[in-house]
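Take a look at the structure set out below.
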Amino acid sequence: QVQLVESGGGLVQAGGSLRLSCAASGRRIDNYAMGWFRQAPGKEREFVAAINWSGTATYYADSVNGRFTISRDNAKNTVYLQMDILKPEDTAVYYCAGTPGYSGNYYSISVDYDYWGQGTQVTVSS
């Protein structure tokens with residue numbers, strides 16, 4: 001069983017930046033599709049970004065496209081989410097997710113991911 005642990009969340013002002021990390025342990029995630037989701041108070045969990053196993057393809061929600069960047073370092077067994085030009089509406093708990101051996105056409109559906117982290121809080125003040 002793979003364990004995913006997010007870190008890097010915090011409180012920032014609008015326009016600021018944060019980099020979230022998702023450290024995997026227990027198993028290598030070299031063949032995992034990885035994604036980031038977020039959930040704000042009173043709202044359902046929503047897709048943020050995803051990356052395929054090789055890091056050659058990335059996908060973003062329209063709300064973060066151009067501001068967020070997902071990347072991975074398989075040597076470190078870690079996935080990152082660089083968040084720039086943060087807005088108050090980005091405030092949420094951010095979750096890292098992964099699923100092994102996935103090479104399909106969809107990366108934005110939460111049910112497709114087998115493993116989830118506990119989340120890290122991101123708060124953007126105005």
Side-chain angles (χ1 to χ4, degrees):
Q1 295 292 108
V2 68
Q3 305 290 328
L4 303 176
V5 179
E6 304 94 337
S7 63
L11 174 63
V12 298
Q13 291 184 307
S17 298
L18 284 173
R19 189 179 76 158
L20 305 184
S21 297
C22 174
S25 61
R27 295 180 181 177
R28 301 297 305 178
I29 59 170
D30 299 32
N31 69 331
Y32 281 52
M34 302 295 295
W36 288 94
F37 293 76
R38 67 187 183 186
Q39 187 167 23
K43 295 186 177 181
E44 295 184 357
R45 188 170 298 182
E46 66 176 349
F47 169 75
V48 176
I51 189 167
N52 70 345
W53 68 270
S54 64
T56 58
T58 57
Y59 308 87
Y60 299 95
D62 289 342
S63 59
V64 306
N65 190 44
R67 299 187 297 118
F68 290 11
T69 304
I70 188 172
S71 62
R72 67 192 301 159
D73 186 341
N74 285 344
K76 296 182 178 180
N77 223 31
T78 300
V79 178
Y80 305 96
L81 184 68
Q82 178 67 42
M83 305 185 296
D84 298 318
I85 319 176
L86 283 161
K87 303 175 180 180
E89 51 262 44
D90 295 319
T91 295
V93 176
Y94 283 71
Y95 297 90
C96 176
T99 191
Y102 183 77
S103 60
N105 296 321
Y106 301 97
Y107 294 88
S108 62
I109 303 174
S110 61
V111 72
D112 288 340
Y113 293 85
D114 295 328
Y115 302 100
W116 293 80
Q118 294 298 306
T120 185
Q121 177 70 48
V122 172
T123 302
V124 184
S125 64
S126 59

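Please read all numbers here as calculations on a predicted model, not as lab measurements. Throughout, residue positions are numbered sequentially from 1 according to the sequence presented.
- The ring pair (Phe, Tyr, Trp, His ring centres under 6.0 Å) search around Tyr107 returns Tyr59, Tyr102, not counting sequence neighbours.
- One distance of note links CG of Leu81 with CG of Leu18; it measures 9.5 Å at 0.5 Å rounding.
- Tyr60 is connected to Val79 through a chain of hydrophobic side-chain contacts under 4.5 Å among Ile, Leu, Val, Met, Phe, Trp and Tyr, so both are in one cluster.
- Counting heavy atoms from C-beta outward, Thr58 and Ile70 have side chains that approach closer than 4.5 Å.
- Closest non-hydrogen pair, Ser126 versus Pro88, comes out as CB-CG, 3.9 Å.
- Contact of the Val122 side chain with the Met83 side chain is registered, since non-hydrogen atoms from C-beta on lie closer than 4.5 Å.
- Looking only at side-chain heavy atoms (C-beta outward), Asn77 and Asp30 come within less than 4.5 Å of each other.
- In this structure the side chain of Ser110 never reaches within 4.5 angstrom of the side chain of Glu44, judged on heavy atoms.
- Nearest heavy-atom pair, Met34 versus Cys96, reported as atom, atom and distance to 0.1 Å: CE-SG, 3.7 Å.
- You'll find the side chain of Asp114 reaches within 4.5 Å of the side chain of Pro100, heavy atoms only.
- Annotation for Gly9 and Thr120: closest pair N-OG1, 3.3 Å, computed over non-hydrogen atoms.
- Arg19 is listed as a side-chain neighbour of Tyr80, based on a closest heavy-atom distance under 4.5 Å.
- Criterion: ILVMFWY side-chain heavy atoms under 4.5 Å apart, direct or through other members. Under it, Val93 and Leu4 are not part of a common hydrophobic cluster.
- The ring pair (Phe, Tyr, Trp, His ring centres under 6.0 Å) analysis of residues 17-53, with sequence neighbours excluded, yields the pairs Phe37-Phe47, Phe37-Tyr113, Phe37-Trp116.
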How far apart are the C-alpha atoms of Asp112 and Thr99, what are their side-chain angles, what is the distance that settles it, and do they pass the side-chain contact (heavy atoms from CB on, under 4.5 Å) test? CA-CA 7 Å; Asp112 288 340; Thr99 191; 5.5 Å; no
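- Considering CZ of Arg67 and OG of Ser17, their distance stands at 10.0 Å, rounded to 0.5 Å.
- Linking ILVMFWY residues whenever their side-chain heavy atoms come closer than 4.5 Å, directly or via other members, leaves Tyr95 and Leu86 in distinct clusters.
- Residue-environment remark: CD (Glu89) exceeds the threshold of 12 foreign heavy atoms within 6.0 Å.
- Note: Asn31 CG to Asn52 CG = 11.5 Å, rounded to the nearest 0.5 Å.
- How far OG1 of Thr91 is from CD of Gln121: 7.5 Å, rounded to the nearest 0.5 Å.
- Contact annotation: the side chain of Asp90 approaches that of Arg38 to within less than 4.5 Å [non-hydrogen atoms, C-beta and beyond].
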